[in-house]
Amino acid sequence: MEIQYELTEEDVVAFNLYHVKNSKVGKNSLQWQRYISPLIFLLFAYFLSVFTDMARGPLFATFTVTAIAWVIVYPKYFYFHITRQVRKMLKEGKNEGLVGKHFMKMNKSGMTDTTSTGETNVQWAGVKTGVKSIIEDANYFYIYTSTVSAYILPKRDLYSADAVKSYVEKRLVI
């Protein structure tokens with residue numbers, strides 16, 4: 001099977017967002033930052049009320065409103081921050097071959113992805129460094145080769161998304 005596709009900056013951002021939203025580490029990070037920070041706000045309010053002569057009512061009201069706002073707004077900020085960081089890293093350079101045209105060949109032994117800067121070869125599952133899984137979302141297939149890296153296949157460039165999924169899944173079972 002041969003596939004020609006083009007990866008854009010948006011595709012790389014989409015993969016990183018997907019991965020953070022669905023990985024255990026990403027979910028835990030969001031939950032810790034989302035809920036522990038408001039607890040720290042409230043602890044700070046408590047210590048301010050104990051060690052200063054500030055009125056407790058307005059102090060706790062202010063910090064409680066801040067904590068609630070944080071819990072509500074923080075996930076949007078978290079994903080915005082990841083998007084911004086990925087875009088910054090892509091602009092730094094040293095990403096040749098990631099964004100741009102790709103030509104992928106899949107056969108019974110593995111996959112070869114060719115870009116303007118070279119090619120990478122990966123064997124199917126069962127090999128220590130092979131393909132681990134294929135994950136599908138609405139717009140992409142992510143063919144994971146480790147817990148944090150994957151080939152990003154945009155469905156918009158595939159002739160038959162079902163054929164690609166079937167082909168890869170068949171190879172992973174062997």
Side-chain angles (χ1 to χ4, degrees), residues 1-36 71-174:
M1 176 176 279
E2 296 181 354
I3 305 167
Q4 288 186 2
Y5 62 100
E6 184 161 351
L7 283 184
T8 64
E9 184 177 294
E10 293 303 315
D11 298 328
V12 177
V13 168
F15 167 70
N16 282 276
L17 286 173
Y18 174 86
H19 185 73
V20 166
K21 287 178 181 180
N22 293 285
S23 75
K24 189 175 181 177
V25 172
K27 288 178 187 178
N28 286 342
S29 178
L30 173 60
Q31 295 309 312
W32 274 92
Q33 293 173 40
R34 186 178 188 188
Y35 295 112
I36 297 301
V71 169
I72 293 168
V73 174
Y74 188 74
K76 286 187 190 268
Y77 171 76
F78 183 77
Y79 297 127
F80 167 77
H81 179 70
I82 288 177
T83 299
R84 191 177 66 199
Q85 291 302 106
V86 170
R87 289 185 197 283
K88 274 185 184 179
M89 287 188 280
L90 288 172
K91 284 181 176 53
E92 280 181 5
K94 299 178 187 163
N95 298 301
E96 298 83 13
L98 179 60
V99 174
K101 293 187 186 292
H102 289 252
F103 180 72
M104 181 177 282
K105 286 184 183 180
M106 296 183 199
N107 57 37
K108 60 184 174 182
S109 63
M111 304 183 320
T112 302
D113 187 41
T114 306
T115 66
S116 61
T117 60
E119 73 180 32
T120 58
N121 296 298
V122 178
Q123 296 178 343
W124 296 116
V127 178
K128 193 174 187 178
T129 59
V131 173
K132 307 298 183 214
S133 64
I134 180 170
I135 305 292
E136 177 180 14
D137 73 5
N139 299 310
Y140 302 95
F141 286 113
Y142 304 116
I143 302 175
Y144 277 86
T145 57
S146 75
T147 56
V148 294
S149 64
Y151 289 98
I152 306 164
L153 295 178
K155 288 182 179 179
R156 67 176 178 271
D157 292 342
L158 303 177
Y159 177 73
S160 172
D162 291 336
V164 171
K165 182 178 180 181
S166 173
Y167 190 88
V168 173
E169 285 177 338
K170 193 184 315 176
R171 297 301 179 266
L172 290 177
V173 173
I174 296 173

Donor-acceptor under 3.5 Å (D157 side chain, E6 main chain): yes
I'd like to check E10 versus R87 (side-chain heavy atoms, cut-off strictly below 4.5 Å). Are they in contact? yes
Nearest-0.5 Å distance, CD1 of residue I152 to NE2 of residue H102: 8.0 Å
Sequence neighbours left out, what pairs pass salt bridge (Lys or Arg N to Asp or Glu O under 4.0 Å) with at least one residue falling in residues 134-147? E136-K155, E136-K165
Is the side chain of Y167 donor-acceptor paired with the backbone N or O of M106 at a distance under 3.5 Å, no angle test? yes
Value rounded to 0.5 Å, distance of OH in Y144 from NZ in K132: 13.5 Å
Pairwise distance CZ(R84) to CE(M89) - rounded to 0.5 angstrom: 11.5 Å
From CG (L17) to CZ (F78), nearest 0.5 Å: 9.5 Å
Say whether D113 and Y5, considering side chains only, have a donor N or O and an acceptor N or O under 3.5 Å apart. yes
Between Y77 and F80, what is the ring plane arrangement, given parallel below 30°, perpendicular above 60°, and tilted in between? tilted
Does the pair D11/R156 count as a salt bridge with the N-to-O cut at 4.0 Å? yes
Is it the case that the ring center of Y140 lies less than 6.0 angstrom away from the ring center of Y18? no
For the CH2 atom of W124 and the NZ atom of K170, what is their distance to the nearest 0.5 Å? 11.0 Å
D162 versus S160, side-chain donor and acceptor atoms under 3.5 Å: no
Let me confirm one number: the OG1-NZ distance from T147 to K24, rounded to the nearest 0.5 Å. 13.0 Å
Would a distance-only check, ignoring hydrogens and angles, find a side-chain to backbone donor-acceptor pair under 3.5 Å from T83 to Y79? yes
Can you see which heavy atom on P75 is nearest to which on L30, and at what distance? CA-CD1, 4.0 Å
